[in-house]
Asks: 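Starting off with a structure, shown below.
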Amino acid sequence: MLLLVLLAVCIFTRYPVDAQTLNEDEDIFNQDVFGADFLQHRLHPPFTCSDTSPSPTVPTSVEFVKAADVKVIAALGDSLTTAIGANGSTILSIPFEFRQVSWSIGGYGTYQNVITLANIFKLFNPKLLGPSPVMTFHGRPTTVNETGFNFAVTGHNTLNVSDQIRHMIDTFKSYPGLNFHEDWKVVTMLIGMNDICDYCKNKTLFSPDNFIHYITEALDMMMNEIPRTIVNVVQILQMKPLREVQRPSLGCQLQKSFCSCLVRPEENSTELKELVEINYEFQRRLEKLLHSDRFFKKDFAVVLQPYLENSEPPRLPDGRIDLSFFTADCFHFTVKGHEELAKGLWNNMFQPAGEKDKIKTFSDPVKLICPPKEHPYIYTRPGADSSAPTLRRFSVLTLISLLGVFHML
């Protein structure tokens, strides 16, 4: 189906009838593909924090990195991060990757134009390297001048993410103006939904065991080869609610191509119940892997950001799905959805393990927070260690109390 869409786009753009028809068709095409009101919509109110300054000296510890200390931003993942169709209005937009508005790395305009993680970081460091500047076309060769440091590839599974990381490392080492060893980097990775979508096609290849194997391999590569890096691993979504995203349109039929293992089974079928359980197992196994100091050292940390873990799709007051959050294929997010993803991620980065917000529903807009005055740094301490200082203090106090008791005896 996607190939048919690509063919239709190519024919439509290559063979105009005459000059007048060409101009009319271009207007329609531009409106359909690029969105009718994106450049004209009202600006977001400014987001200001009392402290946007960097540290007095470049931090040497991953536990003391402020937002303004971050010099480089990058992203890894699949079509959710390439932002397939995100700023389009019809099926014609689906082959286009609107990387410039992608939730984790889009660099279009400023924060007031579109809210992305990169545009929020730009408020703290306007010279940030890596935000994606323009859109790309799926399947067509691209350069870093087009993608920025968005190394995500539409259609990739977890088994492919190490290839993205190798590309990222090679780019970092050769990119003009980037100090590979000294600059602090933030990398965001969201991968695994395509494994769920493809699970019924190969239950061994896309098993929870293999998911964790390839995630571990990817994180090891980054930890061993990239200095001064904070990696956001975003917990994957519960995908069953996406079955409810429906329109009576050709575009929605693409769901069956993108994610047949999720969309095709009958409700309450054994196949669907198994897939839902596999989805939960992916989440559980990822949380278990990252709830330790396995990927934590002085200048490197991997942090699980769980804000999407239990999120429900946005709904209208009458209970129906709010389709304004979804593209013409009824599967990917529009700019409106990408902005909520970006805000949720930013907030999680400045919340400690065990106290990170989890979005219940996208119907309620996420309110951005500023880095807390008492802890203006990105939280990087693993969940397993987050309570250690409290435990140590308790142990010392307990010991002192016991010594006092023994002394009185």
Side-chain angles (χ1 to χ4, degrees), residues 1-6 8-9 12 28-39 41 75 77-106 108 113-116 132 134-140 150 152-156 190 193-194 196-197 234 236-237 239-260 262-263 308 311-316 320-344 361-363 365:
M1 179 66 74
L2 184 58
L3 291 176
L4 291 176
V5 175
L6 294 172
V9 171
F12 183 69
I28 295 171
F29 182 75
N30 288 336
Q31 181 172 326
D32 286 343
V33 172
F34 304 118
D37 61 352
F38 178 61
L39 297 178
H41 73 69
D78 51 32
S79 55
L80 187 56
T81 299
T82 63
I84 279 283
N87 193 45
S89 55
T90 73
I91 193 174
L92 292 175
S93 66
I94 299 306
F96 290 88
E97 301 166 329
F98 292 89
R99 295 175 187 260
Q100 77 275 32
V101 299
S102 175
W103 58 287
S104 58
I105 193 161
Y108 176 82
N113 297 117
V114 59
I115 301 172
T116 69
S132 297
V134 297
M135 71 176 184
T136 55
F137 193 83
H138 173 55
R140 204 170 166 186
N150 183 344
V153 178
T154 297
H156 264 193
L190 175 55
M193 275 85 75
N194 284 338
I196 302 295
C197 287
V234 178
I236 66 172
L237 294 151
M239 297 182 63
K240 185 174 182 289
L242 290 174
R243 288 166 55 92
E244 299 180 58
V245 183
Q246 291 295 330
R247 292 186 186 95
S249 65
L250 176 62
C252 273
Q253 296 302 309
L254 289 174
Q255 263 196 355
K256 296 176 182 178
S257 172
F258 290 139
C259 201
S260 58
L262 175 70
V263 177
L308 296 179
S311 60
E312 286 287 327
R315 297 183 184 276
L316 300 170
R320 291 179 300 141
I321 296 289
D322 185 348
L323 294 175
S324 68
F325 281 83
F326 295 94
T327 61
D329 63 15
C330 296
F331 189 78
H332 296 94
F333 287 118
T334 59
V335 174
K336 189 174 180 179
H338 278 266
E339 291 191 323
E340 296 306 307
L341 291 180
K343 291 186 288 184
T361 172
F362 285 106
S363 301

Asks: Which residue in the set Asp329, Thr327, Asp78 passes side-chain contact (heavy atoms from CB on, under 4.5 Å) when paired with Ile84?
Replies: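 Of the listed residues Asp329, Thr327, Asp78, the side-chain contact (heavy atoms from CB on, under 4.5 Å) partner of Ile84 is Asp329.
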
Asks: Applying side chain to side chain donor-acceptor pair (under 3.5 Å), can you list everything that pairs with Arg247, at least two apart in sequence or on another chain?
Replies: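 Side chain to side chain donor-acceptor pair (under 3.5 Å) check on Arg247 returns nothing, list empty.
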
Asks: Restricting to side chain to side chain contact (heavy atoms under 4.5 Å, CB included), what partner residues turn up for Thr116, sequence neighbours left out?
Replies: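 Val114, Ala118, Asn119.
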
Asks: Side-chain contact test, heavy atoms from C-beta onward, threshold under 4.5 Å: evaluate it for Val234 versus Leu308 and give yes or no.
Replies: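 Yes, their side chains come closer than 4.5 Å.
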
Asks: Roughly how far, to the nearest 0.5 Å, is the OG atom of Ser249 from the CG atom of Leu323?
Replies: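 The CG atom of Leu323 sits 9.0 Å away from the OG atom of Ser249.
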
Asks: Ring centres of His332 and Phe258 under 6.0 Å apart?
Replies: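 Between His332 and Phe258, the centre distance is under 6.0 Å.
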
Asks: Could you give the distance from CG (Asn150) to OG (Ser102), rounded to the nearest 0.5 Å?
Replies: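 Reported value, rounded in 0.5 Å steps: 5.0 Å.
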
Asks: Can we call the ring centroids of Phe96 and Phe137 under 6.0 Å apart?
Replies: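 Judged by ring-centre distance (under 6.0 Å), Phe96 and Phe137 do meet the cut-off.
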
Asks: Looking only at heavy atoms, what is the nearest atom pair of Ile105 and Ala75, with distance?
Replies: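 That would be CD1-N, 3.6 Å.
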
Asks: Could you pull out all residues at least two apart from Asp322 that satisfy side chain to side chain donor-acceptor pair (under 3.5 Å)?
Replies: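 Here the qualifying residues are Ser324.
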
Asks: Let me confirm one number: the CD-CD distance from Gln253 to Gln246, rounded to the nearest 0.5 Å.
Replies: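 CD of Gln246 is found 7.5 Å from CD of Gln253.
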
Asks: Testing the basics here: between Pro314 and Ser363, what is the closest heavy-atom pair and its distance to 0.1 Å?
Replies: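 Looking at all heavy atoms of both residues, the shortest contact is CA-OG, 3.2 Å.
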
Asks: What is the minimum heavy-atom distance between Gly155 and Asn194, and which atoms define it?
Replies: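 The answer is C-ND2, 3.4 Å.
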
Asks: Nearest 0.5 Å, please: how far is CD in Glu340 from CD1 in Ile115?
Replies: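 Interatomic distance, Ile115 CD1 to Glu340 CD, rounded to 0.5 Å: 7.5 Å.
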
Asks: Report the C-alpha separation of Met239 and Cys197 in whole Å, then their side-chain angles, then the decisive distance to 0.1 Å, and conclude whether the side chain to side chain contact (heavy atoms under 4.5 Å, CB included) test is met.
Replies: CA-CA 9 Å; Met239 297 182 63; Cys197 287; 3.6 Å; yes

Asks: Looking at every non-hydrogen atom in both residues, tell me the closest pair between Ser93 and Phe98 and how far apart they are.
Replies: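 Heavy atoms only, the tightest pair is O-CE1, 4.0 Å.
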
Asks: May I ask you to test the Leu242-Phe331 pair for a side-chain heavy-atom distance under 4.5 Å?
Replies: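 Side chain of Leu242 against side chain of Phe331, heavy atoms only: contact under 4.5 Å found.
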
Asks: Is any side-chain heavy atom of Asn87 closer than 4.5 Å to a side-chain heavy atom of Tyr108?
Replies: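 The answer is no, as the side chains (C-beta and beyond) never meet within the 4.5 Å cut-off.
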
Asks: Among all residues two or more places apart in sequence or in another chain, which pass the salt bridge (charged side-chain N to carboxylate O under 4.0 Å, His left out) test with Arg140?
Replies: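 Expected list: none.
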
Asks: Could you give all pairs that pass the salt bridge (charged side-chain N to carboxylate O under 4.0 Å, His left out) test and reach residues 80-100, with sequence neighbours left out?
Replies: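 Found Glu97-Arg99.
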
Asks: Specify the closest pair of heavy atoms between Pro313 and Pro241, including all atoms of both residues, with the distance to one decimal.
Replies: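 Closest approach of Pro313 to Pro241, heavy atoms only: CD-CB, 3.5 Å.
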
Asks: Sequence neighbours left out, what passes side chain to side chain donor-acceptor pair (under 3.5 Å) with Thr334? Give chain and number order.
Replies: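 Thr334 satisfies side chain to side chain donor-acceptor pair (under 3.5 Å) with no residue once adjacent residues are dropped.
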
Asks: Would you please name every residue forming a side chain to side chain donor-acceptor pair (under 3.5 Å) with Glu244, sequence neighbours left out?
Replies: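 Residues passing side chain to side chain donor-acceptor pair (under 3.5 Å) with Glu244: Arg315.
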
Asks: Should Leu237 and Leu190 count as side-chain neighbours, where that means a heavy-atom distance under 4.5 Å?
Replies: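 A side-chain contact is absent here, since even the closest heavy-atom pair is not under 4.5 Å.
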
Asks: Determine the minimum heavy-atom distance between Leu80 and His338, stating which atoms define it.
Replies: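 Shortest heavy-atom contact: O-CE1, 3.1 Å.
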
